[in-house]
**Q** 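Input: one structure, supplied below.
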Amino acid sequence: IAAVFLAEAPLRLAALVTAHAAGDRDRLAHEAHALAGAALNVGLPGIVRLARAVEHAAPDSPLAAIAPDVLALQEAAIRDFDALQEAAGP
């Protein structure tokens with residue numbers, strides 16, 4: 001499960017960031033939902049919390065108001081993806 005997550009989650013995160021930058025609220029919510037579900041499966045509660053916040057804010061909140069959560073999600077992903085990779089081994 002961890003290997004699949006580590007292969008797919010960075011792509012989902014990149015799509016989320018791109019959707020935010022493009023103002024594509026539907027795609028932003030979709031990618032945040034998918035990332036939250038995947039992170040839940042591998043036990044990354046920080047990413048789950050942030051992705052859910054982005055998902056719930058995407059439909060109605062100003063994009064500028066969502067930006068801090070998108071940035072925090074990117075930072076958490078860097079930290080947590082690295083930790084998961086280390087724990088999963090080569």
Side-chain angles (χ1 to χ4, degrees):
I1 293 175
V4 172
F5 176 83
L6 289 168
E8 295 178 2
L11 302 174
R12 291 250 179 235
L13 181 61
L16 183 151
V17 170
T18 299
H20 179 259
D24 185 343
R25 293 173 179 279
D26 290 338
R27 182 71 181 203
L28 178 61
H30 173 78
E31 295 298 343
H33 177 82
L35 186 58
L40 186 63
N41 285 333
V42 294
L44 298 176
I47 291 178
V48 173
R49 181 182 55 79
L50 289 164
R52 285 184 176 162
V54 171
E55 177 187 4
H56 294 289
D60 301 319
S61 296
L63 291 170
I66 301 170
D69 283 337
V70 172
L71 179 60
L73 184 54
Q74 289 176 286
E75 292 170 350
I78 291 168
R79 180 189 64 244
D80 290 351
F81 292 1
D82 286 348
L84 185 60
Q85 178 67 47
E86 200 171 293

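Remember, predicted model here, so these are calculated numbers, not experimental data.
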**Q** Quick one: ring pair (Phe, Tyr, Trp, His ring centres under 6.0 Å) pairs with a partner in residues 31-76, sequence neighbours left out?
**A** none

**Q** Under the rule for side chain to side chain donor-acceptor pair (under 3.5 Å), what residues qualify as partners of R25, not counting sequence neighbours?
**A**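 For R25 there are no side chain to side chain donor-acceptor pair (under 3.5 Å) partners, ignoring immediate neighbours.
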
**Q** Hey, what do you get for CG (L44) to CG (L50), rounding to the nearest 0.5 Å?
**A**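 Taking CG in L44 and CG in L50, the distance rounds to 11.5 Å.
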
**Q** Look up atom CG in L84 and atom CG in L6, then write down how far apart they are to the nearest 0.5 Å.
**A**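 The CG atom of L6 is 4.5 Å from CG of L84, to the nearest 0.5 Å.
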
**Q** Strictly below 4.0 Å, N to O, side chains only: are R12 and E8 in salt-bridge contact?
**A** no

**Q** Please name the pair of heavy atoms, one in A36 and one in V48, separated by the smallest distance, quoted to 0.1 Å.
**A**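 Taking every non-hydrogen atom into account, O-CG2, 3.5 Å.
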
**Q** Taking all non-hydrogen atoms of both residues into account, name the closest pair between A29 and E55 and its distance.
**A** O-CG, 3.8 Å

**Q** Nearest 0.5 Å please: distance from the CG atom of L11 over to the CG atom of L16.
**A**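 Reported value, rounded in 0.5 Å steps: 12.5 Å.
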
**Q** With rounding to the nearest 0.5 angstrom, report the CD to CG distance, E31 to D24.
**A**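 Here the interatomic distance stands at 9.5 Å.
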
**Q** Please give me the minimum heavy-atom distance between I47 and A39, naming the atom from each residue.
**A**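 So the minimum-distance heavy-atom pair works out to CG2-CB, 3.6 Å.
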
**Q** I need the T18 OG1 to L28 CG distance, nearest 0.5 Å.
**A**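 CG of L28 is found 10.5 Å from OG1 of T18.
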
**Q** Show me, pair by pair, the donor-acceptor contacts under 3.5 angstrom made by side chains of residues 62-82, not counting sequence neighbours?
**A**
none

